[in-house]
*Asks:* 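Starting off with a structure, shown below.
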Amino acid sequence: MTTTNDTGSDTNTETEIRALGARWAQAESTGDVRTLDQLSATEFRLVGPFGFVLDKAQWLDRYTSGDLVTSSLVWDEVEVRDLGAAAIAIGRQSQHATHRGRPADGQFRVTQVFVRDNGQWLLAGLHLSQATPPAPPS
């Protein structure tokens, strides 16, 4: 039996989404393309903090190509909503990274969309908005 908490998600879903989110954050911080591929739906899309859109192959290629190097990523302040066949998590992403050699550090509000596929949660979408302004160029 599952119970609903005060954020509107059932506790099993919330536990599963938080665990998947922790695996996602770890995979992002280590550039683990294999795990990111396994955790994400075929139809995955990312909307970046400046409005660009990446499909799954482009999202994974950021690490495969070496364009994106993330030295740390923290996912916290997470609220999970269970919608049955889908779940939404809104949280904060704090990262230290470089993109093509330029600083890509920052804090972002991140909305993650998860879908059930054969009883397993998969990440179907990420949307990032800047929570703090970017660091000035060095």
Side-chain angles (χ1 to χ4, degrees):
M1 178 175 162
T2 61
T3 58
T4 301
N5 64 25
D6 61 352
T7 65
S9 75
D10 80 49
T11 54
N12 285 344
T13 296
E14 182 165 359
T15 299
E16 291 172 20
I17 294 301
R18 286 180 182 277
L20 192 152
R23 288 182 60 211
W24 159 77
Q26 178 63 30
E28 286 269 5
S29 67
T30 60
D32 184 349
V33 173
R34 183 176 178 189
T35 297
L36 292 171
D37 185 36
Q38 292 171 348
L39 296 177
S40 57
T42 302
E43 308 82 11
F44 174 88
R45 295 292 183 273
L46 170 121
V47 178
F50 302 110
F52 58 88
V53 179
L54 302 178
D55 65 21
K56 183 174 180 173
Q58 293 167 320
W59 178 62
L60 295 173
D61 188 55
R62 303 168 311 148
Y63 289 115
T64 305
S65 68
D67 284 353
L68 183 65
V69 176
T70 302
S71 57
S72 71
L73 188 143
V74 175
W75 182 58
D76 60 6
E77 296 183 9
V78 180
E79 177 185 304
V80 177
R81 296 280 184 197
D82 182 6
L83 304 173
I88 297 173
I90 299 174
R92 179 177 62 176
Q93 174 178 325
S94 303
Q95 72 181 34
H96 293 286
T98 59
H99 184 262
R100 296 183 179 165
R102 293 191 174 117
D105 298 342
Q107 261 191 14
F108 306 91
R109 280 290 162 202
V110 58
T111 301
Q112 297 167 305
V113 178
F114 299 90
V115 294
R116 283 194 198 269
D117 185 16
N118 293 320
Q120 175 184 344
W121 287 109
L122 294 174
L123 182 60
L126 284 170
H127 186 217
L128 293 105
S129 298
Q130 286 196 347
T132 59
S138 41

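Starting from 1, each residue takes its place in the sequence as its number. Below, all heavy atoms of this structure are taken into account, side chains as well, without hydrogens, waters or symmetry copies.
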*Asks:* Are Leu128 and Leu123 connected, step by step, through hydrophobic side chains (Ile, Leu, Val, Met, Phe, Trp, Tyr) whose heavy atoms are closer than 4.5 Å?
*Replies:*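 Leu128 clusters together with Leu123.
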*Asks:* Should Ile88 and Val110 be counted in the same cluster of Ile, Leu, Val, Met, Phe, Trp and Tyr side chains packed under 4.5 Å apart?
*Replies:*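 Different clusters.
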*Asks:* So, using side chain to side chain contact (heavy atoms under 4.5 Å, CB included) as the criterion, who are the partners of Ile17 when residues are at least two apart?
*Replies:*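 In terms of side chain to side chain contact (heavy atoms under 4.5 Å, CB included), with neighbours along the sequence ignored, Ile17 is linked to Thr13, Val80, Ala87, Ala89, Phe114, Trp121.
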*Asks:* Of all heavy-atom pairs between Gln95 and Ala104, which one has the smallest distance, and what is that distance?
*Replies:*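 Closest approach of Gln95 to Ala104: NE2-O, 2.7 Å.
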*Asks:* If you draw a 6.0 Å radius around CZ in Arg100, do more than 12 non-hydrogen atoms from other residues or ligands fall strictly inside?
*Replies:*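 Counting other residues, nucleotides and ligands, CZ of Arg100 stays at 12 neighbours or fewer.
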*Asks:* Taking Phe44 as the fixed residue, which of Leu126, Leu122, Val113, Leu54 is the one that meets the side chain to side chain contact (heavy atoms under 4.5 Å, CB included) rule?
*Replies:*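 Testing Phe44 for a side chain to side chain contact (heavy atoms under 4.5 Å, CB included) against Leu126, Leu122, Val113, Leu54 leaves exactly one candidate, Leu126.
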*Asks:* Can you tell me how far CD of Gln26 sits from OG of Ser72, rounded to the nearest 0.5 angstrom?
*Replies:*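 Those atoms lie 10.5 Å apart.
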*Asks:* We want to know whether Trp24 and Gln112 form a side-chain donor-acceptor pair, criterion being a heavy-atom distance below 3.5 angstrom.
*Replies:*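 No, because no side-chain N or O of Trp24 sits under 3.5 Å from a partner of the opposite role on Gln112.
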*Asks:* Ignoring hydrogens, what is the shortest heavy-atom contact between Asp105 and Ala97? Give both atom names and the distance.
*Replies:*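 Closest pair (atom of Asp105, atom of Ala97, distance): OD1-N, 2.8 Å.
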*Asks:* Is any side-chain heavy atom of Arg34 closer than 4.5 Å to a side-chain heavy atom of Asp37?
*Replies:*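 When only atoms from C-beta onward are counted, Asp37 and Arg34 do not touch, as no gap falls below 4.5 Å.
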*Asks:* Give the C-alpha distance, both sets of side-chain angles, the deciding distance and a yes or no for side-chain contact (heavy atoms from CB on, under 4.5 Å) between Glu14 and Val78.
*Replies:* CA-CA 10 Å; Glu14 182 165 359; Val78 180; over 6 Å; no
*Asks:* Using links of under 4.5 Å between side-chain heavy atoms of ILVMFWY residues, direct or through other members, which residues join Val47 in one cluster?
*Replies:*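 Val47 clusters with Val53.
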*Asks:* Ala41 and Ala124: which non-hydrogen atoms are nearest, and at how many Å?
*Replies:*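 The answer is CB-CA, 4.2 Å.
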*Asks:* Could you state the interatomic distance from CG (Leu73) to OG1 (Thr30), rounded to the nearest 0.5 Å?
*Replies:*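 Interatomic distance, Leu73 CG to Thr30 OG1, rounded to 0.5 Å: 10.0 Å.
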*Asks:* Step by step, work out the side-chain contact (heavy atoms from CB on, under 4.5 Å) result for Leu46 and Phe52.
*Replies:* CA-CA 8 Å; Leu46 170 121; Phe52 58 88; 3.6 Å; yes
*Asks:* Could you walk me through whether Arg18 and Thr15 pass side-chain contact (heavy atoms from CB on, under 4.5 Å), step by step?
*Replies:* CA-CA 5 Å; Arg18 286 180 182 277; Thr15 299; over 6 Å; no
*Asks:* Is it true that Glu43 and Arg45 make a salt bridge, defined as a side-chain N closer than 4.0 Å to a carboxylate O?
*Replies:*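 No.
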*Asks:* What is the distance from atom CD of Gln58 to atom OG1 of Thr64, rounded to the nearest 0.5 Å?
*Replies:*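 Between Gln58 CD and Thr64 OG1, I get 12.5 Å after rounding to 0.5 Å.
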*Asks:* Can you name the nearest heavy-atom pair linking Ala25 to Trp75, along with the distance?
*Replies:*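 Scanning both residues completely, I find the closest heavy atoms to be CB-CB, 4.1 Å.
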*Asks:* Got a second to check how far Leu36's CG is from Arg23's CZ, nearest 0.5 Å?
*Replies:*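 Going from CG on Leu36 over to CZ on Arg23, the span is 10.0 Å.
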*Asks:* Hey, any chance Leu60 and Tyr63 share a hydrophobic cluster, counting ILVMFWY side chains that come within less than 4.5 Å of each other, even indirectly?
*Replies:*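 Same hydrophobic cluster.
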*Asks:* Do you reckon Ile90 sits in the same ILVMFWY cluster as Leu20, going by side-chain contacts under 4.5 Å, direct or chained?
*Replies:*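 Looking at the clustering, Leu20 is in a separate group from Ile90.
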*Asks:* Are Val33 and Leu68 linked, directly or through intermediate hydrophobic residues, by side-chain heavy-atom contacts shorter than 4.5 Å (ILVMFWY only)?
*Replies:*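 Linked, Leu68 and Val33 end up in one cluster.
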*Asks:* Kindly say whether Gln120 contributes a backbone atom to a donor-acceptor pair with the side chain of Asp117 at under 3.5 angstrom?
*Replies:*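 Checking the backbone N and O of Gln120 against the side chain of Asp117, no donor-acceptor pair under 3.5 Å is found.
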*Asks:* Under 4.0 Å between a Lys/Arg side-chain N and an Asp/Glu carboxylate O for Arg62 and Asp67?
*Replies:*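 Not counted as a salt bridge, because no side-chain N and carboxylate O are separated by less than 4.0 Å.
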*Asks:* Could you go step by step and tell me if Gln93 and Gln107 meet the side-chain contact (heavy atoms from CB on, under 4.5 Å) rule?
*Replies:* CA-CA 6 Å; Gln93 174 178 325; Gln107 261 191 14; over 6 Å; no
